[in-house]
Amino acid sequence: MELPKRPNFSEYEQSLSKWWEEEGFFKAKIDPDKKPFTILLPPPNANAPLHAGHALYVVEDILSRFYRMQGRPTLFLPGTDHAGIETQFVLEKKLKKEGKSRFDYDRESLYKLVHDFVEENRGVATDQLRRLGFSLDWSREKYTLNPEILEIVYSTFKKLHEDGLIYRDERLVNYCTRCGTGFSNLEINHAERDDHLYYLDYDGIEIATTRPETIFADVAVAVNPNDPRHKDKIGKTVKVPLINKEIPVIGDGLVEIDFGTGALKITPGHDQTDFEIGKKHGLERISVINRFGRMVNVPEYIEGLNVKKAREITVEKLKEAGKLIKVEDLHHAVGTCYKCKSVIEPLLVPQWYVKVKPLVENVIKALDEKRVSVFPERFERDLRRWLETAPDWNISRQIVWGPQIPAWYDLTESPDIEVTFLDKEGNRITGVYKDINDKYEFDEIKNGLQSLIAPVNTPFYLDPKDAPSKFVLQETDTFDTWFSSGQWPLTTLGFPDSKDFKYFYPTTLLDTMWDILAFWIMRMLMLGIYRTGEVPFKWIHLHSRVVDARGQKMSKSKGNVVNPMDLVEKYGADALRFALMFGVAPASDIPLGEEKMIGGRNFVTKIWNISRFIFGQTTHLNDLNVDYETTQAEMWDVLEEDDKTILNRLNATITQVTKVLDFDNDKENHDKFQFARALDALYNFIWDDFASWYIEAVKERLFTDTPGESAKKALWTLVFTWREALKLLHPFMPFITEEIYQKLPNKDAKSISIAKWPQSLKTTK
RNA sequence: GGGUUCGUAGCUCAGUUGGCUAGAGCAUCGCGUUUACACCGCGGAGGUCGUAGGUUCAAGUCCUACCGGACCCACCA
């Protein structure tokens, strides 16, 4: 057996990945007598290529490959996510380049545009997952918009509704006027800004505000009842500058005495704190900014302007009116859209909410009862904090890309619904139905419909057939992406009746980076337990973040983003997998640089060269007729000292690697998930013990002029040790190990990926 | 404002519940081209483990404070 001088990794990696899939080694088989091992791949976006972080799903692959070799029925299930906002955002950028916008299309046409766009790109990510060597069961691949998945998502919505856990409400929503949708609290970033604090004269009381343009929506002034400067004013009225509207002064403990002047203007329509105060005191809610970020219900001079411009002009007017006392610089944090970075505008928009409390309680209980364990443990505190503070979940988004909320309104019954649509000529019309239904046919509205807004108490039907008339429109909002991906363990396995679901649920382990703990993991726990009574996974493993070689977070603006596929191209998938696992502590950042990749590649080459040596010997000394099938136990007594030494080292390595990977059998196992420890042990064993020491030590016995029994024993030990070492390394570096395994004279399975995991033999020296 | 986390060799990082002369990869220096491998082998140099205290027979490892990074949460307008 002759090997080329250098491993041609790009050739064998690709052909092996194809062969594995064709042979169906990773197709999970249900065996009721055995305990399954199940991992669901966190679905990457269907329309985008993988980034470096995705390569870290190698953690899941290592564990899947390990348990598969241990003989457990193993399901590592792939899928992709439609990624609502992300994807629509990308498409809108594309439209913009073509001089168009989302407003140029009716809802249906826009949906189709996104759909076609995604279809073009589907397959990119999945091909890359194959290229990385992930042992996924492609026969079970899922996509969040598959009809059978949507059916389950809708059934959850229906059940939530039946249980009284779904409601609509008009409260302040984190709204991005640029993206045109509201967000949940989790999706808001806080960005530090240098702004101004304006001190205004409210005819009798001095107010400090950062948002003078919202004074037209003021309904009160609030002071702290314990503030000696102001408390006597409670119950009196003051006048809003410029419009001279009379508003009451109220007392509320939420007002900070030390900030500004201690007096707060109350604008329940545009500020979260004010909304709370307004609710407590039963105050009116006025909107002066609409969903497009334009001023409405305001004096003419700022009507229709954007917020920034309106602020400038309002400040001018205040100055002219002598109501602007002073301006201070203020450094503070403002909410921004996590997607487009625009400032979030809190707006009054009706949305769909899930009552979270009953769902959350069961998750906390599961944590208390240790039905689900978190690694590293510190993240359990984070998870609990998220659970304990979770506000009701806004599951509606004002975008088209995603499952449309399955609720229908009857326009005859509810003519106060506002519709926005393209008429026959393509003009965009917005109006309340009852005001425009004499001008436009229902069908014209329906066909050109972009969006609708139904007042909070509008009756809705989960089946359009239940509506009293036939003038029925479906809610135009879509589900939050996390509402569907939050049901991934249910949808992928075919809840509630499929064989897969009954056998593979609950899954064994969920592994992601810690940044989506609240978005995804918490939601899967909530909805999984809600629908099945059981946790969706028994273990949560939070893995590291990939950063650049200098430890900096990768970002497009810094230009330090590493494309994992470029690295695979240049150094091979095994080298990348090595680089991501070597010398890394759990959940700490992984600096990924060229040097580390070179280290990985060198290790692959080392393995290659060890194999070249061994195959050279087995070929050359073929007439010794070594029986490679003989077991370690059978050989032990006749072996020489060096042979026993390397086998003892091998056995120690088996113990160490197994302990790291076998997390599921012993909760007290301190080595679980310490992948770097296992890889380090393997690296040292292979490079130092086996290659540098044993091979050198044994050369004399092999190279002698008349090779005999001693050479035979050495050959047996070489070949046996090497096969077992390759198996141990296989979960980490699947390609090179398979490539060599296929050429071994003592191969014990069709593929190393289904070969029997090495057993540590207790031996005496 | 609250919280998490890190600060160990020139660089990037390991170091499990405190316990042998503190480790790895890369870089560096010297030697070496022996029929697997220079993407190699042998050998060497290199660290007061952020600072200051404390607990202990014993601390990189635990406690306190401080300095310096990173990150997360938050309704000071």
Side-chain angles (χ1 to χ4, degrees), chain A residues 2-3 5-7 172 185-186 188-190 195 197-198 207-212 214 221-222 254-267 270-277 330 332-335 346 376 378-379 381-382 385-386 389 391 514-515 517-518 545 547-553 571 575 578-579 582-617 620 659-660 668-674 676-677 679-680 683-684 687-688 691-693 695-696 699-700 702-703 718:
Chain A
E2 286 289 325
L3 292 181
K5 192 118 170 97
R6 282 283 150 80
L172 273 191
N185 284 24
L186 292 178
I188 301 312
N189 291 329
H190 290 267
D195 256 319
L197 188 61
Y198 302 89
I207 301 286
T209 181
T210 54
R211 305 208 54 186
T214 64
V221 165
L254 279 177
V255 181
E256 299 275 334
I257 295 175
D258 298 333
F259 188 88
T261 62
L264 175 63
K265 72 187 201 64
I266 300 301
T267 321
H270 293 288
D271 181 276
Q272 198 63 49
T273 309
D274 298 5
F275 182 86
E276 294 305 322
I277 294 175
L330 181 72
H332 68 153
V334 295
R378 68 183 144 95
F379 287 107
R381 286 200 299 277
D382 284 348
R385 191 172 43 77
W386 284 117
T389 60
W514 36 260
D515 60 341
L517 190 62
R545 179 178 60 171
V547 294
D548 76 4
R550 270 191 270 110
Q552 301 264 318
K553 187 177 172 179
Y571 300 102
F578 175 90
F582 194 72
V584 175
S588 69
D589 286 353
I590 299 180
L592 184 60
E594 206 86 358
E595 307 83 38
K596 223 163 171 202
M597 291 301 304
I598 290 171
R601 184 208 53 193
N602 290 356
F603 190 38
V604 171
T605 309
K606 190 73 190 177
I607 291 161
W608 185 260
N609 281 313
I610 291 170
S611 308
R612 287 186 72 204
F613 174 79
I614 293 176
F615 293 148
Q617 301 314 308
H620 185 238
K659 214 172 166 212
V660 167
E668 301 308 313
N669 177 0
H670 280 286
D671 284 301
K672 63 173 180 277
F673 301 124
Q674 306 282 348
R677 266 177 226 177
L679 194 52
D680 192 59
Y683 187 87
N684 287 326
W687 203 303
D688 300 336
S692 296
W693 174 71
I695 286 182
E696 293 305 323
K699 274 181 180 171
E700 214 177 310
L702 299 169
F703 293 170
L718 272 178

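Residue numbers begin at 1 in each chain, while the letters A, B, ... track the order of the sequences.
- Partners of A:Arg385 by salt bridge (Lys or Arg N to Asp or Glu O under 4.0 Å), not counting sequence neighbours, listed by chain and number: A:Asp382.
- Atom P of nucleotide B:C72 and atom CG of A:Asn189 are separated by 8 Å, given to the nearest angstrom.
- We find that CZ of A:Arg378 is positioned 10 Å from C1' of B:C71, with the value rounded to whole Å.
- The distance from atom CD1 of A:Ile614 to atom CG of A:Asn609, rounded to the nearest 0.5 Å, is 11.0 Å.
- Contacts of A:Lys553 classified as side-chain hydrogen bond (donor to acceptor under 3.5 Å, both in side chains), with partners at least two apart in sequence or in another chain: none.
- The side-chain hydrogen bond (donor to acceptor under 3.5 Å, both in side chains) check on A:Asn185 picks up A:Asn174, with sequence neighbours excluded.
- In this structure, A:Asp680 atom CG and B:G25 atom P are separated by 9 Å, rounded to whole Å.
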Identify the pairs formed between an N or O of the protein and an N or O of nucleotides 38-40 of chain B at a distance under 3.5 Å, and give each distance.
{"unit_1": "B:C39", "atom_1": "O4'", "unit_2": "A:Asn602", "atom_2": "OD1", "d": "3.2"}
{"unit_1": "B:C39", "atom_1": "O2", "unit_2": "A:Arg601", "atom_2": "NE", "d": "3.2"}
{"unit_1": "B:C39", "atom_1": "O2", "unit_2": "A:Asn602", "atom_2": "OD1", "d": "3.3"}
{"unit_1": "B:C39", "atom_1": "O2", "unit_2": "A:Thr605", "atom_2": "OG1", "d": "2.5"}
{"unit_1": "B:C39", "atom_1": "N4", "unit_2": "A:Arg6", "atom_2": "NH1", "d": "2.7"}
{"unit_1": "B:C40", "atom_1": "OP1", "unit_2": "A:Asn602", "atom_2": "ND2", "d": "3.4"}
{"unit_1": "B:C40", "atom_1": "O3'", "unit_2": "A:Lys606", "atom_2": "NZ", "d": "3.2"}

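- Put simply, CZ on A:Arg545 is 7 Å from P on B:C71, counting in whole angstrom units.
- Nucleotides B:U4 and B:G44 are separated by 45 Å at their P atoms, to the nearest Å.
- Between the P atoms of B:G10 and B:G53, the separation comes to 24 Å (whole Å).
- At distances below 3.5 Å, not a single donor-acceptor pair connects side-chain atoms of A:Thr209 with backbone N or O atoms of A:Tyr198.
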Under 4.0 Å protein heavy-atom contact, by nucleotide of nucleotides 28-35 of chain B - B base, S sugar-phosphate only: --------
Collect all protein-nucleotide pairs involving nucleotides 75-77 of chain B in which both atoms are nitrogen or oxygen and the distance is under 3.5 Å.
{"unit_1": "B:C75", "atom_1": "O2'", "unit_2": "A:Thr273", "atom_2": "OG1", "d": "2.5"}
{"unit_1": "B:C75", "atom_1": "O2", "unit_2": "A:Thr273", "atom_2": "OG1", "d": "3.2"}
{"unit_1": "B:A77", "atom_1": "OP1", "unit_2": "A:His332", "atom_2": "ND1", "d": "3.1"}
{"unit_1": "B:A77", "atom_1": "O5'", "unit_2": "A:His332", "atom_2": "ND1", "d": "3.3"}
{"unit_1": "B:A77", "atom_1": "O3'", "unit_2": "A:Thr210", "atom_2": "OG1", "d": "3.0"}
{"unit_1": "B:A77", "atom_1": "N6", "unit_2": "A:Glu256", "atom_2": "O", "d": "2.8"}
{"unit_1": "B:A77", "atom_1": "N6", "unit_2": "A:Phe259", "atom_2": "O", "d": "3.3"}
{"unit_1": "B:A77", "atom_1": "N1", "unit_2": "A:Glu256", "atom_2": "N", "d": "3.1"}

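- Taking the C1' atom of each, B:G30 and B:G15 are spaced 30 Å apart, rounded to whole Å.
- Scanning both residues, A:Ile695 and A:Ala691, for their nearest heavy atoms gives CB-O, 3.4 Å.
- To the nearest whole angstrom, the two C1' atoms, one in B:C66 and one in B:A24, are 32 Å apart.
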Contacts under 3.5 Å, N or O only, protein and nucleotides 11-16 of chain B:
{"unit_1": "B:C13", "atom_1": "O2'", "unit_2": "A:Gly583", "atom_2": "O", "d": "2.4"}
{"unit_1": "B:A14", "atom_1": "OP1", "unit_2": "A:Ser588", "atom_2": "OG", "d": "2.8"}
{"unit_1": "B:U16", "atom_1": "O2'", "unit_2": "A:His670", "atom_2": "ND1", "d": "2.9"}

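- Among residues two or more places apart in sequence or in another chain, the side-chain hydrogen bond (donor to acceptor under 3.5 Å, both in side chains) test is passed with A:Asp548 by A:Asn560.
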Pairing annotation in dot-bracket form, given for RNA chain B with Watson-Crick or G-U pairs under 3.5 Å and | for cross-strand partners: (((((((..((((.....[...)))).(((((.......))))).....(((((..]....))))))))))))....
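- In this structure, the CH2 atom of A:Trp386 is 10 Å from the P atom of B:C72, given to the nearest Å.
- Considering all non-hydrogen atoms of both residues, A:Ala208 and A:Thr261 come closest at N-OG1, 3.8 Å.
- Rounding to whole angstrom units, CG of residue A:Leu517 and C1' of B:G3 are separated by 15 Å.
- Contacts of A:His332 classified as side-chain hydrogen bond (donor to acceptor under 3.5 Å, both in side chains), with partners at least two apart in sequence or in another chain: A:Asp195.
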Solution key, residues 590-603 of chain A side-chain donor-acceptor pairs under 3.5 Å, sequence neighbours excluded:
{"unit_1": "A:Glu594", "atom_1": "OE2", "unit_2": "A:Lys570", "atom_2": "NZ", "d": "2.7"}
{"unit_1": "A:Glu594", "atom_1": "OE2", "unit_2": "A:Tyr571", "atom_2": "OH", "d": "2.6"}
{"unit_1": "A:Lys596", "atom_1": "NZ", "unit_2": "A:Ala579", "atom_2": "O", "d": "3.1"}
{"unit_1": "A:Lys596", "atom_1": "NZ", "unit_2": "A:Phe582", "atom_2": "O", "d": "2.7"}

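- Comparing B:C71 with B:C31, their C1' atoms sit 48 Å apart, to the nearest whole Å.
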Residues A:Lys265, A:Thr214; criterion side chain to side chain contact (heavy atoms under 4.5 Å, CB included); working and verdict: CA-CA 10 Å; A:Lys265 72 187 201 64; A:Thr214 64; 2.7 Å; yes
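- Side-chain contact between A:Leu264 and A:Ile277: present, with at least one pair of heavy atoms (C-beta onward) separated by less than 4.5 Å.
- Atoms CG and CD1, from A:Asp271 and A:Ile266 in turn, are 8.0 Å apart once rounded to the nearest 0.5 Å.
- Atom C1' of B:C6 sits at a distance of 14 Å from the matching atom of B:C49, rounded to the whole Å.
- Nucleic acid contact class of A:Ile614 (heavy atoms, under 4.0 Å, all strands): none.
- The nearest whole Å value for the distance from the CD1 atom in A:Ile188 to the P atom in B:C73 is 11 Å.
- Base engagement by A:Ala691 is indicated by at least one non-hydrogen atom pair under 4.0 Å involving a base atom.
- Computed from coordinates, the A:Gln617 CD to B:A36 P distance equals 7 Å when rounded to whole Å.
- Comparing the C1' positions of B:G46 and B:C29 gives an interatomic distance of 11 Å, to the nearest angstrom.
- By the ring pair (Phe, Tyr, Trp, His ring centres under 6.0 Å) test, A:Trp693 pairs with no residue at all, sequence neighbours left out.
- Within the 4.5 Å cutoff, the side chain of A:Arg545 has heavy atoms near those of the A:Asp589 side chain.
- The C1' atoms of B:U28 and B:U12 are separated by 16 Å, rounded to the nearest whole Å.
- A pairwise comparison of heavy atoms in A:Arg211 and A:Pro346 identifies NH1-CD, 4.3 Å as the closest pair.
- With contacts defined as side-chain heavy-atom distances shorter than 4.5 Å, the pair A:Phe613/A:Leu718 qualifies.
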